[in-house]
Amino acid sequence: MNSAAWGTSSMKEALPDSTAEHSTVSINGHGNDAAAAAAPAQQDSKQWIKPRAYDYTAMDGPDQNSPWDGSAAVYEWDGEGGDVGPEYPDLEVELFGKAEDRKEGRGVDFTAIAEIEVVQEGPVKIDRIDSFRDAGLHPVMLRNVELAGFEAPTPIQKYTLPSIHLGYDTIGIAQTGSGKTAAYLIPILSKLMGKAKKLAAPRPNPATYQEGVDRPYRAEPLVVIVAPTRELATQIFNEARKFCYRTMLRPCVCYGGGPIGEQVRNLGKGCDILVATPGRLLDFMKRPQVLSMSRVRYMVIDEADEMLQVDWEEEMGYIMSGANQDEGNVRYLLFSATFPKPLRDLAKLHLAANHVRFRVGRAGSTHGNIKQEVLYVDANLKRDALTTALKSIDPCRTIVFVNSKRTADDLDDYLFNMDMPCTSMHSDRTQAEREAAMRGFRSGEAPILITTAVTARGIDVRHVRHVINYDLPSMDHGGIEEYIHRIGRTGRIGHRGLATSFFTDGDEAIGSVLTRTLLETNQEIPDFLKHHVPEEGQDLKFEADSDFDPNEGQGAQDGDAWGSGGNAGWGNEAGNDADAGADAGWM
Ligand code: ADP
Ligand code: MG
């Protein structure tokens, strides 16, 4: 392969602020800020840090030093006073980071996504908001958004904030890294803040509650968020922990492979926001003493396309109708990066006829701020290509995607023996191992993560600068959509990133659609793909995934109750949200 073609000079262009960021990696890698401060940052900035051997004994189960991610601290409301709880500075730092670090590195290159066009479909037209201040947010939410360091809403947030606030079932299709989690959490939690006391289930007083002595309460969440993987569920939970700060809304997370007893005990302390993977959720739904869906007001399906790919259609149907409440009581929200047919069918079945859909850019298309390199590699020489790729740019957080668990294991050994700081993750690993791998990767101790695609879905780690498709996705396992998801791990929220893919003779099937993706995102087409470039005048269009079914718009017409006047602005609730009036205070 020709590494000269993407040598340091072109990388500088692709990663303008790489110098600042990779030094963070090596500083964290030492696990000791003081030591890093003593050593000049530039000294080893061009070298990967040394790997640390795994301590397998430490992975037998959670211990004091490595608690389950799902047991992380949440704001505990003591049931006293008004609607807003007191500040807890320590927890504030745990949730949002130190005040002086909060602005660092966020939204560096927002302009790149701020200009992206948003297409809106459905019977009502939603007026977008351009600032969080105009979003009618509860004051506590506005403060939490500020604490999180969000200065302006991302394109999808500009639309879903008002849409969800007005009470519409909403579908948001936006690229990975475009802020979809906050796009639903902020408006939902903000709306519930003012009325939590009225709506929420009774729960024990955390000040006096003694686990194992007092009886646990049944979890009766107001919001259920379903996500396909444990890591993603944990990530959403972490985002929810921030936005629930100083409110009585208590978030919990449940996922398969995690400690079921601990999850049940945690639910027993009260649960208003439940983030869960489908399997564990179904399990709990079948135990009425643990979980009741009767209070659910919002049901969110995140990474919805992925959920349907793994044959969860039946389970999803059960979950979606699980709340079993009067028509119109539950708002359904679907968020996804792509919008394939099975998902459109699910939406048709469960969402209100007057639901609104927002699509940012082309559904499933990639950010222009990711530089994509496709390299022709002999299948037998992939390992060499990998080391070359890893060494050809300054050390940075890197994700290496492979298609099999076996390859993940092999590559982990291989790189580790090469003295590279790597870790790996796949679905055969225990939950404790997966969490440990993610922690090592996030902290920078192991800045190279080797992973299969499923486990890495939706993962948001700041400052991932390089994604390497060691194996390109096969056409029967996700194809180009999978490619887009993977490279979306870099270039999050406007940061620039590099995606390197190894193309072998076995990848010919994805060649055509890959070439069109490269063209659409203004990338250079390597010679060995040139024969896939469409003739002049030929359509660049993609078949599947992207466009909404034009016939589907039909339903829009008969939603005329909301017709032109339906967009009467804030405060005019759609649906049968019985307590619409309770919002008035925050308009
Ligand atoms: P998606 O689900 O679309 O892939 P995420 O919800 O994981 O994206 O968000 C990606 C990152 O962007 C997260 O770290 C999140 O905290 C951050 N983020 C979200 N909204 C904003 C915003 N308005 N301003 C700055 N950062 C944001
Ligand atoms: Mg997401």
Side-chain angles (χ1 to χ4, degrees), residues 120-124 126 156 159-160 163-164 166-174 180 183-185 187-188 191 221-228 233 236 273-282 284-286 291-359 363 545 548-549 551-559 561-562 573-578:
Q120 191 178 153
E121 282 165 346
V124 266
I126 302 293
I156 189 75
Y159 288 87
T160 59
S163 161
I164 296 171
L166 288 169
Y168 291 106
D169 282 3
T170 300
I171 300 178
I173 314 288
K180 291 192 290 294
Y184 58 81
L185 281 181
I188 292 177
K191 280 201 78 164
L222 301 172
V223 184
V224 172
I225 300 163
V226 190
I236 296 166
I273 318 297
L274 177 59
V275 188
T277 53
R280 189 55 57 97
L281 178 60
L282 277 171
F284 285 155
M285 280 169 77
K286 290 174 189 152
L291 173 68
S292 153
M293 303 284 273
S294 63
R295 287 180 198 256
V296 172
R297 288 318 201 76
Y298 295 92
M299 174 91 75
V300 184
I301 314 293
D302 200 346
E303 298 284 344
D305 54 348
E306 172 72 4
M307 211 87 77
L308 294 171
Q309 253 175 45
V310 287
D311 283 342
W312 277 335
E313 231 151 311
E314 203 177 306
E315 285 88 343
M316 286 317 296
Y318 185 78
I319 290 172
M320 296 280 275
S321 49
N324 239 342
Q325 303 181 12
D326 293 347
E327 177 97 17
N329 256 356
V330 183
R331 299 269 67 93
Y332 289 97
L333 311 169
L334 294 183
F335 283 81
S336 187
T338 61
F339 199 54
K341 179 87 170 66
L343 192 53
R344 296 202 289 266
D345 292 345
L346 186 84
K348 226 182 231 162
L349 209 58
H350 294 281
L351 270 64
N354 68 339
H355 74 259
V356 277
R357 298 183 288 212
F358 304 107
R359 193 161 34 117
D545 99 86
F548 286 95
D549 178 351
N551 299 323
E552 248 190 305
Q554 300 297 45
Q557 259 59 27
D558 46 50
W562 310 105
E573 293 258 332
N576 305 334
D577 205 344

I'd like to check the salt bridge (Lys or Arg N to Asp or Glu O under 4.0 Å) partners of R280; sequence neighbours left out, ordered by chain and number. none

Mind checking the CD1-OH spacing from I156 to Y184? Nearest 0.5 Å is all I need. 12.5 Å

All side chain to side chain contact (heavy atoms under 4.5 Å, CB included) counterparts of T170, not counting sequence neighbours: T160, S163, I164, Y168, L333, V356, F358

What is the distance from atom CE of M285 to atom CE of M293, rounded to the nearest 0.5 Å? 4.0 Å

Passing option when L185 is tested against V300, I225, V275 for side chain to side chain contact (heavy atoms under 4.5 Å, CB included): I225

Measuring from atom CG of L351 to atom CZ of R331, what distance do you get when rounded to the nearest 0.5 angstrom? 9.0 Å

Non-hydrogen atoms of S292 and P221 that approach each other most closely: O-CD, 3.4 Å

Residue pair L281 / L274, side-chain heavy-atom distance below 4.5 Å: yes

I171 and side chain to side chain contact (heavy atoms under 4.5 Å, CB included): which single residue from I301, L343, L334 fits? L334

Is any side-chain heavy atom of I188 less than 4.5 Å from a side-chain heavy atom of L222? no

Heavy-atom closest contact (N354 atom, P123 atom, distance): CA-CG, 3.6 Å

Quick one: CZ on R357 to CZ on R344, what's the gap to the nearest 0.5 Å? 9.0 Å

Gap between atom CG of L346 and atom OH of Y332 - 0.5 Å precision: 10.0 Å

Testing the basics here: between P278 and A227, what is the closest heavy-atom pair and its distance to 0.1 Å? CD-O, 3.4 Å

Strictly distance-based, threshold 3.5 Å: is any side-chain N or O of K180 a donor or acceptor partner for the main-chain N or O of A174? yes

Determine, stepwise, if the pair F339 / R359 fulfils side chain to side chain contact (heavy atoms under 4.5 Å, CB included). CA-CA 9 Å; F339 199 54; R359 193 161 34 117; over 6 Å; no

Residues two or more places apart in sequence or in another chain: which of them pass side-chain hydrogen bond (donor to acceptor under 3.5 Å, both in side chains) with S336? D305

